[in-house]
Chemist: 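Can you read through this structure? Questions will come right after.
The chain is numbered in sequence order, starting from 1. The basis for the numbers below is simple: all heavy atoms, side chains too, and nothing from hydrogens, waters or symmetry mates.
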Amino acid sequence: MKKWEIVVEKFLDEWRDKPEVLGAIVGGSHAVGNETDLSDIDLQVVLKNDIPWRDRGLTCIDGIIIEYFLVPIGNYKIYSEQGINRDQIKVDARIFSTGKVVLDKDGSMAELVKEAYEKLKKEFPVYPDEAKALMQKHLWDTHDHLEEYTKYPSPMFGILYGILLNDILEFYARVTRTERLPLERAHKLITNEVYRERYGFPRVSDKKFETLLLSAIEKQDFANIDALYTYAQELGGGFDQCNWYLRRKSLVQVVNK
């Protein structure tokens, strides 16, 4: 057994025989073989549905950090829908489809794994027009401040650059109804095929976006992120800062409805 597997077994010693526990799965880098000496262990302990609580915590065993979740099984359906609709990323589906089951008392874990593969196929929702318009305005605001810092240098340039890059990744994903690339792993997911395949992440099919994104990441200057920003706004239907308008219901009407 690898050291991390021994650590997981030690953690589960407290839980495996409890009647409320159905099983456990290790997700993330250790499960797919992408771990480094700095990687923590992501561990999901699945509970019966009649448990009225859910836990999340960090602990250390033999010098390795474990981030653990103890969650009733029915919660994962809710988490999956939230990931698709709120985060534009299929976190739980990927955990169970690429994870390593380390405990399965009654077949519940095998069923969750099977469901995860189906959830990976589920389409993301259409981006509502109002939300898209607001996000385009938000992108423009950040881009405008960043352009200002090219003329009037500020130590905030690098920080704002990262914020805009992250927001563009989310906007692109929502407009194209594809999975959002996590900023911290975007470069490696694009440039390292083995790394990407281990996580079961879809390949970026839009080669122009991929090229512009890599340029913006590898050489962080305004010209590169400006090109990426412009392309993203065009995909969203374009943005005219001299002719932007949005009417919405007043908050009074929304609250009293």
Chemist: With a 4.5 Å limit on heavy-atom distance, are the side chains of Lys119 and Lys90 in contact?
Modeler: no
Chemist: May I ask you to test the Arg198-Glu193 pair for a side-chain heavy-atom distance under 4.5 Å?
Modeler: no
Chemist: Can you hop from Leu164 to Ile159 via hydrophobic side chains spaced under 4.5 Å?
Modeler: yes
Chemist: Hey, could you give me the NZ/CG distance between Lys77 and Leu112, rounded to the nearest 0.5 Å?
Modeler: 12.5 Å
Chemist: Atom CD1 of residue position Ile65 - does it have more than 12 heavy atoms of other residues, nucleotides or ligands inside 6.0 Å?
Modeler: no
Chemist: A side-chain contact here means heavy atoms from C-beta on lying under 4.5 Å apart; do Phe201 and Glu179 qualify?
Modeler: yes
Chemist: Testing the basics here: between Ile95 and Gly27, what is the closest heavy-atom pair and its distance to 0.1 Å?
Modeler: CG2-CA, 4.2 Å
Chemist: Show your reasoning for whether side-chain contact (heavy atoms from CB on, under 4.5 Å) applies to Leu12 and Val45.
Modeler: CA-CA 9 Å; Leu12 289 176; Val45 179; 4.1 Å; yes
Chemist: Any side-chain to backbone donor/acceptor pair from Asp104 onto Ala24? Under 3.5 Å, distance only.
Modeler: no
Chemist: Angle class for the His30/Trp4 ring planes (parallel below 30°, perpendicular above 60°, tilted otherwise)?
Modeler: tilted
Chemist: State yes or no: do Val32 and Tyr117 share one hydrophobic cluster built from I, L, V, M, F, W and Y residues joined by side-chain heavy-atom distances below 4.5 Å, directly or via other members?
Modeler: yes
Chemist: Establish whether Ile41 and Ile25 are linked, either directly or via other cluster members, by ILVMFWY side-chain heavy-atom contacts under 4.5 Å.
Modeler: no
Chemist: Working to the nearest 0.5 angstrom, can you tell me the gap between Leu213 CG and Leu181 CG?
Modeler: 7.0 Å
Chemist: Please verify the inter-ring angle class for Tyr172 with Phe209; under 30° counts as parallel, over 60° as perpendicular, anything in between as tilted.
Modeler: parallel
Chemist: Establish whether Trp140 and Val175 are linked, either directly or via other cluster members, by ILVMFWY side-chain heavy-atom contacts under 4.5 Å.
Modeler: yes
Chemist: When you measure from the side chain of Arg56 to the backbone of Phe69, do you find a donor-acceptor pair of N or O atoms at a distance under 3.5 Å?
Modeler: no
Chemist: How long is the span from the CD atom in Glu111 to the CG atom in Asp106, to the nearest 0.5 Å?
Modeler: 10.5 Å
Chemist: For the residue pair Glu35 and Ser39, what are the closest heavy atoms and their distance?
Modeler: CA-OG, 3.4 Å
Chemist: Keeping Lys100 on the side-chain end and Val26 on the backbone end, is there a donor-acceptor pair under 3.5 Å?
Modeler: no
Chemist: Are the side chain of Arg180 and the backbone N or O of Asp87 linked by a donor-acceptor pair below 3.5 Å?
Modeler: yes
Chemist: Write down the atom of Ser108, the atom of Ile73, and the distance for their closest heavy-atom approach.
Modeler: CB-CD1, 4.0 Å
Chemist: Within a 6.0 Å radius of atom CZ on Arg54, are there more than 12 heavy atoms belonging to other residues, nucleotides or ligands?
Modeler: no
Chemist: Mind running side-chain contact (heavy atoms from CB on, under 4.5 Å) on His138 and Thr142 for me, showing each step along the way?
Modeler: CA-CA 6 Å; His138 171 72; Thr142 309; 4.1 Å; yes
Chemist: What's the spacing between Arg196 CZ and Thr191 OG1 if we round to 0.5 Å?
Modeler: 11.0 Å
Chemist: Decide whether Leu22 and Ile51 are clustered together by the hydrophobic rule: side chain heavy atoms of Ile, Leu, Val, Met, Phe, Trp, Tyr closer than 4.5 Å, transitively.
Modeler: no
Chemist: For the side chain of Glu147 and the backbone of Asp144, is there at least one donor-acceptor N/O pair under 3.5 Å apart?
Modeler: no
Chemist: Can you confirm whether or not the ring centre of Phe222 sits under 6.0 Å from the ring centre of His143?
Modeler: yes
Chemist: Please determine if Lys10 and Asp62 form a salt bridge, counting it only when a charged side-chain N lies under 4.0 Å from a carboxylate O.
Modeler: yes
Chemist: Taking side chain as C-beta onward, heavy atoms only, is Tyr79 less than 4.5 Å from Val71?
Modeler: yes
Chemist: Can you confirm whether Glu67 sits close enough to Leu43 that some side-chain heavy atom of one is under 4.5 Å from a side-chain heavy atom of the other?
Modeler: no
Chemist: Is any side-chain heavy atom of Ile66 closer than 4.5 Å to a side-chain heavy atom of Asp40?
Modeler: no
Chemist: Test ring-ring contact (aromatic ring centres under 6.0 Å, His included) on Tyr161 and Tyr149; report intermediate values, then the result.
Modeler: CA-CA 10 Å; Tyr161 190 102; Tyr149 292 156; over 10 Å; no
Chemist: Checking side-chain hydrogen bond (donor to acceptor under 3.5 Å, both in side chains) for the pair Gln44/Tyr76: CA distance, chi angles, key distance, verdict?
Modeler: CA-CA 11 Å; Gln44 304 276 341; Tyr76 288 103; 2.7 Å; yes
Chemist: Taking the cut-offs as 6.0 angstrom to the six-membered ring centre and 45 degrees off its axis, would you call Arg185 and Tyr199 a cation-pi pair?
Modeler: yes
Chemist: Any side-chain heavy atom of Pro72 sitting closer than 4.5 Å to one from Lys48?
Modeler: no
Chemist: Could you check whether Lys18 makes a cation-pi contact with Trp15, meaning its NZ or CZ is under 6.0 Å from the centre of the six-membered ring and within 45° of the ring axis?
Modeler: yes
Chemist: Given the rule in the side-chain contact (heavy atoms from CB on, under 4.5 Å) test, do Thr178 and Glu123 qualify, once you have shown the distances and angles that lead to the verdict?
Modeler: CA-CA 8 Å; Thr178 55; Glu123 289 188 336; over 6 Å; no
Chemist: Going by heavy atoms in the side chains, are Leu146 and Asp226 under 4.5 Å from each other?
Modeler: no
Chemist: Which heavy atom of Met109 sits nearest a heavy atom of Val46, and at what distance?
Modeler: SD-CG2, 3.6 Å
Chemist: Salt-bridged, Glu170 to Arg174, with N to O below 4.0 Å?
Modeler: yes
Chemist: Looking only at heavy atoms, which two atoms of Asn224 and Ser215 are closest? And how far apart?
Modeler: ND2-O, 3.3 Å
Chemist: Is it the case that Tyr231 and Asp206 place a side-chain donor and acceptor less than 3.5 Å from each other?
Modeler: yes
Chemist: State, to 0.1 Å, how close Asp167 and Met135 come at their nearest heavy-atom pair, and which atoms those are.
Modeler: O-CE, 3.5 Å
Chemist: Ion pair present between Glu118 and Lys121, side-chain N to carboxylate O less than 4.0 angstrom?
Modeler: yes
Chemist: Please check this pair: side chain of Arg94 against backbone of Gly200, looking for a donor-acceptor N/O pair closer than 3.5 Å.
Modeler: yes
Chemist: Do side-chain atoms of Lys105 reach the backbone of Val21 as a donor and acceptor pair under 3.5 angstrom?
Modeler: yes
Chemist: Is a salt bridge present between Lys207 and Glu210, judged by a nitrogen-to-oxygen distance below 4.0 Å?
Modeler: yes
Chemist: Before you tell me yes or no, could you show the steps for Gln136 and Gln233 under side-chain contact (heavy atoms from CB on, under 4.5 Å), namely the whole-Å CA-CA distance, both residues' side-chain angles and the distance that decides it to 0.1 Å?
Modeler: CA-CA 7 Å; Gln136 287 185 281; Gln233 289 283 37; 3.1 Å; yes
Chemist: First locate atom CG of Asp17, then atom CG of Leu103, and finally report the distance between them rounded to the nearest 0.5 Å.
Modeler: 9.0 Å
Chemist: Indicate every side-chain donor-acceptor pair of residues 239-247 with a distance under 3.5 Å to a residue at least two apart or in another chain.
Modeler:
residue, atom, partner, partner atom, Å
Asp240, OD1, Cys242, N, 2.9
Tyr245, OH, Arg247, NE, 3.3

Chemist: Verify, without hydrogens or angle tests, whether Gln88 (side chain) and Ala173 (backbone) share a donor-acceptor contact under 3.5 angstrom.
Modeler: yes
Chemist: Rounded at 0.5 Å granularity, tell me how far CG in Asn75 sits from CG in Leu70.
Modeler: 11.5 Å
